[in-house]
Novice: 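Structure provided below as structure tokens; questions to follow.
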Amino acid sequence: MTLQTAQYEVRLYLNGSLIGDCRRIAQELQYARRRTKVGADSIDFTINDVLFDEWCKERGMTINNMLKPLALECRVVRNGTELVGGFLATMPAYNPLQTSANLNMHFDGFLNLLGGVYIRNTTTNLPIGTVTGAAGTLVSNQIQFANTVSTNAGKSYGFTAGHIDTLTSITHTFENYKTVKDWICDRCDNATGAGPFDVYFHPDKTYDIYADANFGDVITDWV
């Protein structure tokens, strides 16, 4: 059997527009896909600031243009298939007046965007009370609520619904404030009610909601 050599790309996007693939200068690349109930995906690598500055200038940009938390996004691609995406979570330490240094680039999975939005009635700013409906639909509604809140703040998160399984109807009462992220994580780990399910965030910010039983078969012989 001939094993195919994996070819990786590290694509950077600024405000939704592709800037380019920086894989040749991205060192120590690591990425993780995680179940939503466990936490968000992540992408990490280091990049030399001098080489990154040259890379940016080749594309009509500067490092200062690029290093914009939330606005700068990354997608790891293997053999043409996008594996994981995320947004620049924190500004890496960068001082252009110092000698050459490596920047620590950390990108959080898109689930963490939902950690900044509290579920509430936008008119009264109070918890929304009791909601009833299919679990997948309720989760999707809250993700779209986060879209609305971010749009009203000046920049939409840009989440788009994909496949949503028809899950059991549930009733939930919001007596206290809770973020969209925390509520989704709690629901995904719920052994009763709708049963275990997961929200799968794709690198392009589309999301699918699948019951655990519909994930498919576990692959055990993958080299």
Novice: Is there a continuous path of hydrophobic side-chain contacts, each under 4.5 Å between heavy atoms, that joins Y13 to L88?
Specialist: no
Novice: Please check if I63 and M91 belong to a single hydrophobic cluster, counting links between Ile, Leu, Val, Met, Phe, Trp and Tyr side chain heavy atoms closer than 4.5 Å.
Specialist: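 They do share one cluster, since a chain of ILVMFWY contacts under 4.5 Å joins I63 to M91.
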Novice: Are L12 and L29 joined in one hydrophobic group, where the rule is that I, L, V, M, F, W and Y side chains link up if heavy atoms are under 4.5 Å apart?
Specialist: yes
Novice: Are side-chain N/O atoms of N64 and T62 paired as donor and acceptor at under 3.5 Å?
Specialist: no
Novice: Nearest 0.5 Å please: distance from the CG atom of D44 over to the CG atom of D108.
Specialist: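 Going from the CG atom of D44 to the CG atom of D108 covers 8.5 Å.
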Novice: Can you establish whether the number of heavy atoms outside Y118 located under 6.0 Å from its atom OH is more than 12?
Specialist: no
Novice: So how far is it from Q142 CD to T179 OG1, rounded to the nearest 0.5 Å?
Specialist: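 Separation between the atoms: 10.5 Å.
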Novice: Looking at Y157 versus F110, is the centre-to-centre ring distance below 6.0 Å?
Specialist: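 Not close enough - the centres of the two rings lie 6.0 Å or further apart.
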Novice: Could you walk me through whether Q144 and N147 pass the side chain to side chain donor-acceptor pair (under 3.5 Å) test, one step at a time?
Specialist: CA-CA 5 Å; Q144 294 305 317; N147 267 348; 3.1 Å; yes
Novice: Where do D165 and A211 come nearest, in terms of heavy atoms and distance?
Specialist: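 Between these two residues, the closest heavy atoms are OD2-N, 2.9 Å.
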Novice: Could you give the distance from CG (L83) to OH (Y31), rounded to the nearest 0.5 Å?
Specialist: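 Separation between the atoms: 4.5 Å.
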Novice: Where is the tightest heavy-atom contact between C74 and I43, given as atom of each residue plus distance?
Specialist: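 Looking at all heavy atoms of both residues, the shortest contact is O-CD1, 3.7 Å.
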Novice: Among R11, E82, E73, find the residue that satisfies the side chain to side chain contact (heavy atoms under 4.5 Å, CB included) test when tested with P203.
Specialist: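 So, applying the side chain to side chain contact (heavy atoms under 4.5 Å, CB included) to P203 and each of R11, E82, E73, only E82 qualifies.
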Novice: Does F45 share a hydrophobic cluster with Y8, counting links as ILVMFWY side-chain heavy atoms below 4.5 Å and allowing steps through other members?
Specialist: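 Yes, F45 connects to Y8 through the hydrophobic network.
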Novice: Which heavy-atom pair separates I119 from I128 by the least distance, and what is that distance?
Specialist: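 Heavy atoms only, the tightest pair is CG2-CD1, 3.5 Å.
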Novice: Answer yes or no: does atom NZ of K57 have more than 12 heavy-atom neighbours from other residues, nucleotides or ligands under 6.0 Å?
Specialist: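 12 or below, so no.
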Novice: So, for A135 and I170, which heavy atoms are closest and what is the spacing to 0.1 Å?
Specialist: CB-CD1, 4.0 Å
Novice: Taking everything shown except E58 itself, do over 12 heavy atoms lie less than 6.0 Å from its CD?
Specialist: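 Atom CD in E58 is crowded, with more than 12 foreign heavy atoms closer than 6.0 Å.
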Novice: List the atom of G158, the atom of K205, and the distance in Å for their closest heavy-atom pair.
Specialist: O-CB, 3.7 Å
Novice: Among the clusters formed by ILVMFWY side chains lying less than 4.5 Å apart, do M61 and W55 turn up in the same one?
Specialist: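 Hydrophobic grouping puts M61 with W55.
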